[in-house]
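Everything below concerns the one structure shown next.
Keep in mind that this is a model prediction, so the values were computed, not measured.
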Amino acid sequence: MNLASPFCHPCDAAAPAPLALRLRAFGLRLVPTLAGMALVIVAMLLTSPVSAERIKDLGHFQGLRANQLTGYGIVVGLAGTGDDNLEYTTQGMHSVASRFGMQLPAGVNPALKNAAAVIITAELPPFAKPGERLDITVAAMGKAKSLRGGTLLMTPLQGADGQVYAMAQGNLAVGGLGVSAADGSNITVNVPTAGRIPGGATVERAVDAGFATTPELRFNLAEADLTTVGRVAAAINSKLGAGHARAIDAVTVSISAPEGAEVRTAMMGQIEDLLVDPADAPAKVIVNARTGTVVINGAVRIAPAAVSHGKLTVKVNENLKVSQPEPFSRGGQTVVVPKSKIDVDEEHNPMFRFAPGASLSDIVKAVNAIGASPADLVAILEALKEAGAMKAELVVL
C-alpha cells in the first residue's frame with residue numbers, strides 16, 4: 001500500500017511535503033499558530049458575553065419562596081444536663097404523658113434533669129410535597145446545659161398562619177460540648193445547647209404558590225435597578241415576542257403567561273436561562289469603623305484633587321530631680337525640682353494629586369505610597385467626599 005500523498009513529487013515519496021504545502025493543494029492555507037490562537041480568542045470574546053448573567057441569578061419569581069416553620073417540643077435522653085424543675089418543661093412532660101394515656105398525679109413535678117424544653121425551626125421550600133424530608137434546628141430555651149445525646153419527641157411545626165405543615169422527630173447532632181465539675185469549674189466547646197437533625201421533619205401539607213392561576217407572572221430582582229429591570233424585560237420580549245414583558249418598577253417585571261401549570265413551568269424555565277448584562281453597580285465606599293475595614297468598588301472615580309495627610313505627635317515627659325545644697329553649707333535645703341521635656345514629632349508626607357477620573361487602582365497606589373493606615377484612609381475618603389472630589393456613596397457601618 002502506498003501511503004505517500006498523490007500531490008507529492010515521486011522523488012519526495014520518502015519525505016512527505018510540509019503540512020502547509022499539502023493544505024495548499026486543497027485550496028487551504030495554514031495560519032501561524034500564535035495568530036490563529038489570537039483570532040480564536042478574539043472570536044470568543046466577541047461572541048460570548050463576558051459579564052452576562054442568567055436571569056435566575058438576578059432574582060426570583062414572585063410566590064416561589066421558602067416559608068418559615070417553628071414548633072415547641074421536648075428533648076429527652078440527656079445525661080443530667082436538662083432543665084431540671086422548670087415549670088414549662090414539667091408542663092410539657094405532663095402533656096407528653098397524657099398523649100400516651102398516662103396521667104401524672106396532680107402536684108407532682110418530677111425532676112427532669114434528663115429532659116429539656118426546646119424550640120424547633122425549619123424552612124419549607126417552594127413546591128415541597130407531603131412526604132419530603134426537611135432539616136431542622138433545635139435550640140434549648142431553658143436552663144439546659146447541653147443537648148448532646150438527646151432525642152426530640154414528635155413535635156408539630158406550624159407556619160405563620162397557625163397551620164401544621166410538618167412533623168419533627170429524631171436524634172440530635174450537636175457539635176458543641178460542655179463539661180462542669182463539682183467545684184464550679186467548667187469547659188465549653190462551641191455551643192452545646194443547639195443542634196440539628198438532618199431530615200428530621202416530614203412535610204405533611206404543601207403550600208400553594210398560586211403561580212398557575214394568577215393573571216400574570218411577576219419576576220422580582222434581588223436588587224432594585226432601573227437599567228437592569230429594563231434589560232430583563234427586553235430579553236424576555238426577544239425570546240417570547242414583543243409585549244410579553246414590561247417593567248413595572250425598579251424591581252418587578254410583569255410577564256403575561258397562558259393558563260396551565262405545565263405551560264407556565266416550561267416558560268419560566270426558559271426565562272430563567274436567558275442571559276442579561278446587568279447594570280454596573282453604583283459607586284460605593286464601605287467603611288467599618290469598628291474593624292478598620294475599607295472596601296472600594298471599581299465604579300468609584302475621583303475628580304482632580306490634591307491630598308496631604310500627616311500626623312503631629314507631641315510627647316511631654318516629666319522627671320523629678322533632687323537638688324541638694326553644697327556640703328557644709330549653711331541655710332541650704334534639699335528640694336525636689338520637676339524637669340520637663342517636650343518632643344514634637346511631625347511626619348512630613350508628600351502631597352499627592354489625583355488625576356481626572358482616577359480609578360480604584362490609582363486610589364490604592366496613592367494611599368499605599370504614603371503608608372496610610374485604614375483609619376487614615378477613612379479620614380482621606382471623608383475629606384474627598386466633603387470636597388466634592390469623590391462622587392460615590394460613603395457607607396459607614
For the CE atom of M267 and the CD atom of E272, what is their distance to the nearest 0.5 Å? 11.0 Å
Compare every heavy atom of L78 with every heavy atom of A115, then report the nearest pair and how far apart it is. C-CD1, 4.2 Å
So how far is it from L124 CG to R65 CZ, rounded to the nearest 0.5 Å? 10.0 Å
Between N114 (side chain) and G77 (backbone), is there a donor-acceptor pair under 3.5 Å? no
Going by side-chain heavy atoms closer than 4.5 Å, which hydrophobic residues are tied to V263, directly or by a chain of links? none
Is there a path from Y165 to M167 through hydrophobic residues (I, L, V, M, F, W, Y) whose side chains come within less than 4.5 Å of each other? no
Assigning hydrophobic clusters by single linkage (Ile, Leu, Val, Met, Phe, Trp, Tyr; side-chain heavy-atom cutoff under 4.5 Å), is L274 placed with L64? yes
Closest heavy-atom contact between I136 and A168? CD1-CB, 3.7 Å
Can you give me the closest heavy-atom contact between A206 and A128, atom names plus distance? CB-O, 3.4 Å
Side chain to side chain contact (heavy atoms under 4.5 Å, CB included), that's the test. Do D225 and E223 meet it? Break it down for me. CA-CA 6 Å; D225 191 280; E223 296 182 3; 6.0 Å; no
Any chance you could measure T214, atom OG1, to Q62, atom CD, to the nearest 0.5 Å? 8.5 Å
Please check if the side chain of T228 supplies one atom and the backbone of A279 the other of a donor-acceptor pair under 3.5 Å. yes
Give a yes or no on whether the backbone of H60 and the side-chain of N220 come within a donor-acceptor separation of less than 3.5 Å. no
Give a yes or no on whether the backbone of H244 and the side-chain of N237 come within a donor-acceptor separation of less than 3.5 Å. yes
Distance-minimising heavy-atom pair for G199 and R133: O-NH2, 2.6 Å
Counting distance only, does the side-chain N/O of K129 pair as donor-acceptor with the main-chain N or O of F127 below 3.5 Å? yes
Hey, does the side chain of R264 reach the backbone of P258 with a donor-acceptor pair shorter than 3.5 angstrom? yes
What one should report as the nearest heavy-atom pair of A116 and G82 is CB-CA, 4.4 Å
Tell me whether V75 is reachable from M154 by hopping between hydrophobic residues (I, L, V, M, F, W, Y) whose side-chain heavy atoms are closer than 4.5 Å. no
For F61, the ring pair (Phe, Tyr, Trp, His ring centres under 6.0 Å) test, sequence neighbours excluded, returns F219
Nearest 0.5 Å, please: how far is CD in Q68 from CD in E123? 5.0 Å
I'd like to know if the side chain of R231 and the backbone of V276 have a donor-acceptor N/O pair within less than 3.5 Å. no
Could you point out which residue of T121, V174, I120, I119 forms a side-chain contact (heavy atoms from CB on, under 4.5 Å) with V138? I120
Euclidean distance, T202 OG1 relative to E132 CD, rounded to 0.5 Å: 10.5 Å
Under 3.5 Å side-chain donor-acceptor pair for R196 and T137: yes
Hey, what do you get for CG (L157) to CZ (R205), rounding to the nearest 0.5 Å? 13.0 Å
Candidate list I74, L153, L147, test side-chain contact (heavy atoms from CB on, under 4.5 Å), partner V118, passing option: L147
Looking at K239 and I271, would you say the former's side chain and the latter's main chain have a donor-acceptor pair under 3.5 Å? no
